[in-house]
There are 2 protein chains.
Amino acid sequence: MLGHESAIGRLRSQGYRITPQRLSVLDIVAGRSGHIGADEVWSLAKQQHPYVDLATIYRTLQLLKRLGVVTEVVIGNKLHFELADKDNRHNHMVCSVCDTVQTLSPDYLDEFSQRLEQEFGFTPDLDNLTIGGKCAKCQSATTE
Amino acid sequence: MLGHESAIGRLRSQGYRITPQRLSVLDIVAGRSGHIGADEVWSLAKQQHPYVDLATIYRTLQLLKRLGVVTEVVIGNKLHFELADKDNRHNHMVCSVCDTVQTLSPDYLDEFSQRLEQEFGFTPDLDNLTIGGKCAKCQSATTE
DNA sequence: TCCGTAACGGCAAATCACTGCAACAACGGT
DNA sequence: ACCGTTGTTGCAGTGATTTGCCGTTACGGA
């Protein structure tokens, strides 16, 4: 809803141009509460602006990701995006069986990431870390 | 070096057939100390067996991954593989700047994964978890 | 308001990973 | 050693994402 105004400022202040295509993509991603697939962004964008190219969608989403405006989640073998809320960061747990996504507070990763930094000097990129695995439901289904 | 004999046994005992293509792929991956890209496996395999198809390489690598013979590492946007040593499992930390790969004992993830299981019933797939981020070198380079 | 220029978007082609299908070959049984 | 069954391969095609090229456009400065 908001935060997308500030995103425009961030684009502008870093010398990026504000184009109708970029505004569309921002609107669409910001108008969603959850994550949205690149192809879905595309079809919605075309409603506003018939000649948008899918490549533009991808380029824009990558740009917004670099700027920290959106985060990327890999679901199955597709990329999904969602608005990054600076005050409510979270990571994702994606079930490899049913593709269900659960969110996870970064607190769970704090200790782990601190150890990596202390011992290896490696700074993990938690904003783009997705944990794969099996959710409770699918886990018990395969155990049966 | 070894471990690849046992892999053959594992294939055979699960009803998979031993084909020259599969042996080539195994030889190639086993002959490497580190990780190797799918395309690289392909070009090496063609030297032994001119008409191997890239699709076969992918299928074989996926099969070996399912059997736990090799592990997959995403580097940049390409898939790399390496021989999984049952007694020396490890995860990978890949630098998003220079694509350097460091290995990481799974001990570091134990506590974290246990919390996920206890609190969410989510079983993370640590065998296929790669941590992205910046290595010490690239981190200090961008801080300058 | 108009201009110049550097960034951007559209288009097409490339890349990487994966899949469907028909021909082929490994291997347990005879 | 030969056969038939059934898993595998090669080939061609598909889906998702990325890149190169070139004409177009946003936007700071005159």
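Lettering of chains follows the sequences in order, A, B, ..., and the numbering in each one begins at 1.
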Task: Results of side chain to side chain donor-acceptor pair (under 3.5 Å) for A:Asn77 - residues two or more places apart only - done: none
Task: Value in whole Å for how far the P atom of D:dT8 lies from CG of B:Leu26 - done: 13 Å
Open item on the list: If we ignore hydrogens and angles and just use 3.5 Å, is the side chain of A:Thr60 paired with the main-chain N or O of A:Thr56 as donor and acceptor?
Closed with: yes
Task: Whole-Å gap separating P (C:dC27) and CD1 (B:Ile8) - done: 11 Å
- [ ] Return no unless some side-chain N or O of B:Thr19 is found under 4.0 Å from OP1 or OP2 of D:dT9.
- [x] yes
TODO: Rounded to the nearest angstrom, tell me the gap between atom CD1 in B:Ile57 and atom P in D:dT9.
DONE: 9 Å
Open item on the list: Can you tell me which nucleotide in D:dC27, D:dA16, C:dT19 comes closest to the side chain of A:Ile18?
Closed with: D:dC27
- [ ] For A:Lys78 and C:dC18, give me the distance from atom NZ to atom P, rounded to whole Å.
- [x] 15 Å
Open item on the list: Short of 4.0 Å, heavy atom to strand atom, which residues of residues 44-55 of chain A count as contacting DNA chain D?
Closed with: A:Leu54, A:Ala55
Open item on the list: Pairing donors with acceptors under 3.5 angstrom, does anything connect the side chains of B:His80 and B:Glu40?
Closed with: no
Open item on the list: Does A:Asn77 reach a base, just sugar-phosphate, or nothing at all? Heavy atoms under 4.0 Å.
Closed with: sugar-phosphate
Task: Main-chain N/O of B:Leu126 paired with B:Asn91 side-chain donor or acceptor, under 3.5 Å - done: yes
- [ ] Determine yes or no for a side-chain-to-main-chain donor-acceptor pair under 3.5 angstrom, with B:Trp42 supplying the side chain and B:Ala55 the backbone.
- [x] no
Task: Spacing of B:Leu61 atom CG relative to D:dT8 atom C1', expressed in whole Å - done: 15 Å
Open item on the list: What is the separation between atom CD1 on B:Ile75 and atom C1' on C:dT15, rounded to the nearest whole Å?
Closed with: 17 Å
TODO: Output the single nucleotide from C:dC18, C:dG10, D:dG10 whose closest atom is nearest the side chain of A:Arg59.
DONE: C:dG10
- [ ] Identify, between A:Arg17 and A:Pro20, the residue whose nearest nucleotide on DNA chain C lies closer to the 5' end.
- [x] A:Arg17
Open item on the list: Closer than 3.5 angstrom, by distance alone: can the side chain of B:Arg22 be matched with the main-chain N or O of B:Arg17 as a donor-acceptor pair?
Closed with: yes
Task: Atom pair distance, as rounded to whole Å: OH in A:Tyr16 and C1' in C:dA7 - done: 11 Å
Open item on the list: Quiz question: by atom type and distance under 3.5 Å, do the side chains of A:Glu72 and A:His35 form a donor-acceptor pair?
Closed with: no
Task: Shortest side-chain distance from B:Gln21, nucleotide among D:dG10, D:dG20, C:dC16 - done: D:dG10
TODO: May I ask you to verify if any side-chain N or O of B:Thr56 is less than 4.0 angstrom from the OP1 or OP2 atom of D:dT9?
DONE: no
Task: Minimum side-chain heavy-atom gap B:Phe122-A:Lys134 below 4.5 Å - done: no
Open item on the list: If you count every heavy atom of other residues, nucleotides or ligands that lies below 6.0 Å from A:Glu117 atom CD, does the total exceed 12?
Closed with: yes
Open item on the list: Output the rounded distance in Å from CD (A:Gln14) to P (D:dC27).
Closed with: 15 Å
TODO: Please state whether the phosphate of D:dT8, meaning OP1 or OP2, lies under 4.0 angstrom from any side-chain nitrogen or oxygen of B:Arg22.
DONE: yes
Would you tabulate the pairs of protein nitrogen or oxygen atoms and nucleotide nitrogen or oxygen atoms of nucleotides 28-30 of chain C closer than 3.5 angstrom?
none

TODO: Look only at the side chain of A:Arg10 and the backbone of A:Leu67, and say whether a donor-acceptor pair between them is shorter than 3.5 Å.
DONE: yes
